[in-house]
Q: 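Before we start, here is the structure in question, set down as structure tokens.
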Number of protein chains: 2
Amino acid sequence: MKELKQRSTCPISTSLDVLGDKWTLLILRDMVFAGKSTYGQFLQSAEKIATNILADRLAILESQGIITKAVAADKKSKFTYRLTEKGVDIVPILVTLVLWGTKYCPTVVDPGLLEELQGGKDAAIEKYQRLAREKQ
Amino acid sequence: MKELKQRSTCPISTSLDVLGDKWTLLILRDMVFAGKSTYGQFLQSAEKIATNILADRLAILESQGIITKAVAADKKSKFTYRLTEKGVDIVPILVTLVLWGTKYCPTVVDPGLLEELQGGKDAAIEKYQRLAREKQ
DNA sequence: ACAGTTAACTTGCAAATTGCAAGTTAAAAT
DNA sequence: ATTTTAACTTGCAATTTGCAAGTTAACTGT
């Protein structure tokens, strides 16, 4: 029941009310580009998110209808997080951030993603959106 | 001389090291869509950014080469902030955020921007990029 | 020339958020 | 029956944010 306050009616401001921090989009990145889906997998990423922050952000993302939480197929004590359609529609934001980051900052892009981006931005967006939908 | 620490070599993470907060992209929004360019104009926006936060973010944006600061044409005590090419390349991120926000959240879009978006995402991006470049 | 105003910050401090380490709980594996 | 795995929760110090007030320099009007 995490509810956020809306600072204004501006769509950019309202988007940032949910996504505007250093961690939320990294969790979604892990889901979209690395196919991650569990709490433990998110903890393993290079940026080393703290456990309390991760739990907090997952709860917000779920309450905002961006991801769903379900018991995993193999274990009852394990949960699987997946993107909703609202979450799949964040893929364009992620791809746009990749393009800006690679153009202006010293970064290392995953070879697979780099190859996808050769085929153009829109093609890459569609590919990762389709991939995320298939995992539903 | 604000220097940020880079959490990883991932382009999304590195982009968020600079842009990942609730205020930075709102300042850029004001420059791109409202044509704002001064400290006083940024303070007037609906979200009511605090003066110290605004000064801090402007300094970071300048040190990161996203905006430039110059004495205004009319007054010596007034400064004009403008986008660099690195800043102009943030327009796609802003437009993508507008599209997601309008699709999934209760927001009100500026009529002018809405009209531009009718012509397609890419056309809107190009228009606002051109507009920002012209102000140089 | 002087007094008030405008513009851009800066400072101090309380409140909120983040980050780290350790602890808890339940289910699964050994 | 004991250990391990997975997902959190808790406590607390450190950092960041938000608010109000203060400062500085340049302009504006009289």
Side-chain angles (χ1 to χ4, degrees), chain A residues 1-8 13 16-27 30-31 34-64 67-82, chain B residues 1-8 13 16-27 30-31 34-64 67-82:
Chain A
M1 301 283 177
K2 291 259 179 187
E3 72 178 59
L4 307 169
K5 69 172 149 213
Q6 186 169 4
R7 291 174 295 170
S8 78
S13 168
L16 294 176
D17 287 340
V18 191
L19 307 174
D21 78 296
K22 300 238 182 290
W23 296 110
T24 303
L25 286 168
L26 288 189
I27 296 171
D30 285 350
M31 296 180 75
K36 294 185 181 178
S37 62
T38 69
Y39 186 93
Q41 288 178 319
F42 298 134
L43 284 182
Q44 287 163 28
S45 294
E47 295 84 9
K48 297 298 163 198
I49 187 171
T51 58
N52 55 342
I53 309 282
L54 175 57
D56 179 72
R57 295 307 189 275
L58 286 172
I60 292 174
L61 285 169
E62 194 191 354
S63 78
Q64 294 297 312
I67 63 173
T68 57
K69 179 182 187 176
V71 176
D74 51 338
K75 285 184 179 182
K76 278 182 192 170
S77 65
K78 203 172 163 182
F79 296 99
T80 300
Y81 295 95
R82 296 287 179 210
Chain B
M1 301 282 178
K2 292 257 176 188
E3 72 177 59
L4 307 169
K5 67 172 152 213
Q6 187 168 5
R7 290 175 295 171
S8 78
S13 169
L16 294 176
D17 287 339
V18 192
L19 308 175
D21 77 295
K22 301 238 181 289
W23 296 109
T24 304
L25 286 169
L26 288 190
I27 297 171
D30 285 349
M31 295 178 76
K36 294 185 181 179
S37 63
T38 69
Y39 186 91
Q41 288 178 320
F42 299 134
L43 283 182
Q44 288 164 28
S45 294
E47 296 83 8
K48 296 297 162 197
I49 187 170
T51 58
N52 55 342
I53 308 282
L54 175 57
D56 179 73
R57 295 307 189 279
L58 286 172
I60 292 176
L61 285 169
E62 195 191 354
S63 78
Q64 294 297 311
I67 62 173
T68 56
K69 180 182 185 176
V71 175
D74 51 338
K75 285 185 179 182
K76 278 182 190 168
S77 65
K78 203 172 164 184
F79 295 100
T80 300
Y81 294 94
R82 294 287 179 211

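By convention in this document, chain letters (A, B, ...) are assigned in the order of the sequence lines, proteins followed by strands, and residues within each chain are numbered from 1.
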Q: Take atom CG of Asp56(B) and atom C1' of dA8(C), then tell me their distance rounded to the nearest Å.
A: 15 Å
Q: Among the nucleotides dT17(D), dC9(C), dG12(C), which one has an atom lying closest to any side-chain atom of Thr51(B)?
A: dC9(C)
Q: Check the distance between dA8(C)'s C1' and Lys69(B)'s NZ and give it to me in whole angstrom.
A: 8 Å
Q: Nearest of dC8(D), dC19(D), dA7(C) to any side-chain atom of Lys75(B)?
A: dA7(C)
Q: May I ask you to test the Gln41(A)-Asp30(A) pair for a side-chain heavy-atom distance under 4.5 Å?
A: no
Q: What is the separation between atom CG on Asp21(A) and atom C1' on dT17(D), rounded to the nearest whole Å?
A: 14 Å
Q: With a 4.0 Å cut-off on heavy atoms, is Lys48(A) in touch with a base, just the backbone sugar-phosphate, or nothing at all?
A: nothing
Q: A side-chain contact here means heavy atoms from C-beta on lying under 4.5 Å apart; do Arg57(B) and Asp21(B) qualify?
A: yes
Q: Nearest to the side chain of Ile53(B), heavy atoms from C-beta on, is which of dT17(D), dG19(C), dA8(C)?
A: dT17(D)
Q: So Ile49(B) and Ile27(B), do their side chains get closer than 4.5 Å, heavy atoms only?
A: yes
Q: Between Arg57(B) and dG18(D), does any side-chain N or O lie under 4.0 Å from OP1 or OP2?
A: no
Q: Starting the side chain at C-beta, find the nucleotide from dG18(D), dC20(C), dC9(C) nearest to Asn52(B).
A: dG18(D)
Q: If I take atom NZ in residue Lys78(B) and atom P in nucleotide dT28(D), what distance separates them, rounded to the nearest angstrom?
A: 11 Å
Q: Test side-chain contact (heavy atoms from CB on, under 4.5 Å) on Arg7(B) and Lys22(A); report intermediate values, then the result.
A: CA-CA 10 Å; Arg7(B) 290 175 295 171; Lys22(A) 300 238 182 290; 3.4 Å; yes
Q: Please classify the nucleic acid contact of Tyr81(B) as base, sugar-phosphate, or nothing, using heavy-atom distances under 4.0 Å.
A: sugar-phosphate
Q: Any side-chain N or O of Trp23(A) less than 4.0 Å from the OP1 or OP2 oxygen of dT18(C)?
A: no
Q: So if I take every side-chain heavy atom of Ser77(B) and compare against dA26(D), dC8(D), dG19(C), which nucleotide ends up nearest?
A: dA26(D)
Q: Using atom CG of Asp74(B) as one end and atom C1' of dA8(C) as the other, report the distance to the nearest whole Å.
A: 14 Å
Q: Once you round it to whole Å, what is the distance between P of dT18(C) and NZ of Lys5(B)?
A: 14 Å
Q: From the list dG19(C), dC8(D), dC9(C), which nucleotide is the closest neighbour of the side chain of Ala50(A)?
A: dG19(C)
Q: Separation of Lys22(B) atom NZ from dT17(D) atom P, in whole Å?
A: 11 Å
Q: Between dT15(D) atom P and Leu4(B) atom CG, what is the distance in whole Å?
A: 16 Å
Q: Look at the side chain of Lys76(B) and decide which nucleotide, out of dA26(D), dG18(D), dA8(C), has an atom nearest to it.
A: dA26(D)
Q: Count the heavy atoms belonging to other residues, nucleotides or ligands that lie under 6.0 Å from NZ of Lys48(B), then report whether that count exceeds 12.
A: yes
Q: Select one nucleotide: of dA7(D), dC8(D), dC9(C), the one nearest the side-chain heavy atoms of Thr38(A).
A: dA7(D)
